[in-house]
Amino acid sequence: MPPRKIIIDTDPGQDDAVAILLALASPEEIEVLGITCVAGNVPLALTSKNARVVCELAGKPDVPVFAGCDRPLGRDLVTAEHVHGKTGLDGPNLPDPVMALAEGHAVDFIIEQLRAHPPGTVTLCPLGPLTNIATALQKAPDIADRIEEIVLMGGAYFEVGNVTPTAEFNIYVDPEAADIVFKSGTPIVVMPLDVTHKALVTRPRNDAFRALATPVGRAVAQMTDFFERFDKEKYGSDGAPLHDPCVTAYLIRPDLFTGRHVNVGIETQGALTLGMTVADWWGVTDRTPNALFVGDLDADGFFDLLTERLGRL
Ligand code: RIB
Ligand code: CA
């Protein structure tokens with residue numbers, strides 16, 4: 001089976017960083033065509049720097065990294081330094097990148113790659129707000145039928161919101177972009193908080209990262225040590241939730257995850273519910289199912305996979 005060709009669209013973010021490391025550590029299953037950066041956890045200047053920091057940490061400075069949209073389609077940018085720190089990658093002390101940004105805009109890279117490869121052979125993996133993906137779909141509507149699948153981290157239903165009572169951060173930052181993506185007709189797999197809040201870096205799991213005794217193992221342990229503060233304080237969680245690595249792990253071991261194919265709509269008007277992913281989990285509407293909404297995972301299997309793969313870098 002040839003490796004799956006993917007574009008990672010990201011706003012690093014410690015959990016984005018772990019998702020990127022897992023992808024780069026798995027060349028048998030995943031070929032990363034490029035990394036496109038978007039404003040989200042921190043402004044674009046930092047997300048596009050952090051993505052390069054992570055590629056160099058992985059020993060992969062040849063992965064093309066593009067800067068994309070620096071704000072949502074039609075709203076002011078909301079960031080999350082209170083979660084990720086002022087750099088977006090607080091925790092480890094990693095060197096500034098030597099590799100330069102690739103020439104050109106992230107949106108054009110996404111369009112070019114989808115047009116250059118046969119239809120149905122490139123998967124998009126958004127890990128942040130969906131601004132780049134929506135902009136690409138608006139600029140080149142023909143790509144919707146060429147995308148193999150969109151496997152994204154975002155949204156919440158039974159778990160409700162992490163940035164408002166009803167909305168998860170990635171969707172909340174750019175709900176109009178999310179609405180465009182969920183109405184695109186492209187096959188979508190959603191990793192919402194419902195599943196990512198079950199992927200917690202408990203102390204033994206963090207110890208296993210550190211026990212790798214490698215720069216990558218140490219950096220991931222330090223990232224998740226820093227990143228867990230917010231969720232521990234808010235939810236009393238037993239460790240940092242590894243949201244974005246659920247996307248990469250799904251590509252490698254989909255059997256670790258379970259969900260339901262349902263209709264997911266995006267609230268773009270509600271004063272109280274803006275950015276909510278309205279999942280018709282019980283099939284009470286006649287709205288056509290448009291996404292696999294993942295609700296559970298084998299957490300031990302996920303961390304065994306992640307730790308083994310990180311150990312390869
Ligand atoms: O709500 C969690 C999501 O928002 C994750 O992707 C995290 O990196 C932030 O982008
Ligand atoms: Ca992210």
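Side-chain atoms are counted along with the backbone in the values below, which use heavy atoms only and exclude waters and symmetry mates. The first residue of the sequence shown is numbered 1, and numbering continues consecutively from there. Counting starts at 1 for both ligands and their atoms, following the listed order.
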- Query: Under 3.5 Å, is there a donor-acceptor pair between the side chain of Asp174 and the main chain of Pro129?
  - Reply: no

- With a 4.0 Å cut-off, would you call Arg205 and Asp238 a salt bridge? no

- Item | Heavy-atom side-chain proximity of Leu297 to Thr258 below 4.5 angstrom | no

- Part of Asp11 with heavy atoms under 4.0 Å of ligand 1, whether side chain, backbone, both or neither: side chain

- Item | Element-labelled atoms of ligand 1 that are located less than 4.0 Å from some non-hydrogen atom of Asp15 | 5 (C), 6 (O), 7 (C), 8 (O)

- Message: Could you check whether Glu159 pairs with Lys198 (Lys NZ or Arg NE/NH1/NH2 to Asp/Glu carboxylate O, under 4.0 Å)?
- Response: no

- Query: When you look for heavy atoms under 4.0 Å from ligand 1, do you find them on the side chain of Asn162, its backbone, both, or neither?
  - Reply: side chain

- Task: Check ligand 1 against Phe169 and write out every atom of the ligand that is under 4.0 Å from a heavy-atom position of the residue.
- Result: 1 (O), 4 (O), 9 (C), 10 (O)

- Phe66 and Phe109 aromatic ring geometry - parallel, tilted or perpendicular at 30°/60° bounds: parallel

- Item | Contact atoms of ligand 1, heavy-atom distance to Asp16 under 4.0 Å | 8 (O)

- Message: If you define the side chain from C-beta out and look only at heavy atoms, does anything of Gln222 sit under 4.5 Å from Arg210?
- Response: yes

- Task: Would you check if the Ca ion (ligand 2) lies under 3.0 Å from any N, O or S atom of Asp15?
- Result: no

- Backbone or side chain, does Pro12 get an N/O/S atom under 3.0 Å to the Ca ion (ligand 2)? no

- Message: So, of the N/O/S atoms that Asp11 has, which is the nearest one to the Ca ion (ligand 2)?
- Response: OD1

- Pull out every atom of ligand 1 sitting under 4.0 Å from any heavy atom of Glu168, numbered as shown with elements. 1 (O), 2 (C), 3 (C), 4 (O)

- Check Asp244 and report its N/O/S atom nearest to the Ca ion (ligand 2), by atom name. OD2

- Task: Output, in order, the C-alpha distance, side-chain angles, deciding distance and verdict of salt bridge (charged side-chain N to carboxylate O under 4.0 Å, His left out) for Arg52 and Asp96.
- Result: CA-CA 9 Å; Arg52 289 176 284 151; Asp96 284 352; over 6 Å; no

- Where ligand 1 meets Asn41 - atom numbers and elements under 4.0 angstrom, heavy-atom basis: 7 (C), 8 (O), 9 (C), 10 (O)

- Identify, for atom 6 (O) of ligand 1, the protein heavy atom at the shortest distance, and state residue, atom and that distance. Asp244 OD1, 2.7 Å

- Check: Met153 N/O within less than 3.5 Å of ligand 1 N/O: no

- Message: Would the distance check show the side chain of Arg146 and the main-chain N or O of His117 forming a donor-acceptor pair, the cut-off being under 3.5 Å?
- Response: yes

- Item | Salt bridge flag under 4.0 Å for residues Glu28 and Arg4 | no

- Asp16 OD2 and Leu127 O subtending at the Ca ion (ligand 2) (10° steps): 90°

- Message: For Thr224 and Asn206, which I'm curious about, is there any donor-acceptor pair between the side chains at under 3.5 Å?
- Response: yes

- Query: Which atoms of ligand 1 are found less than 4.0 Å from any heavy atom of Asn170?
  - Reply: 3 (C), 4 (O), 5 (C), 6 (O), 9 (C), 10 (O)

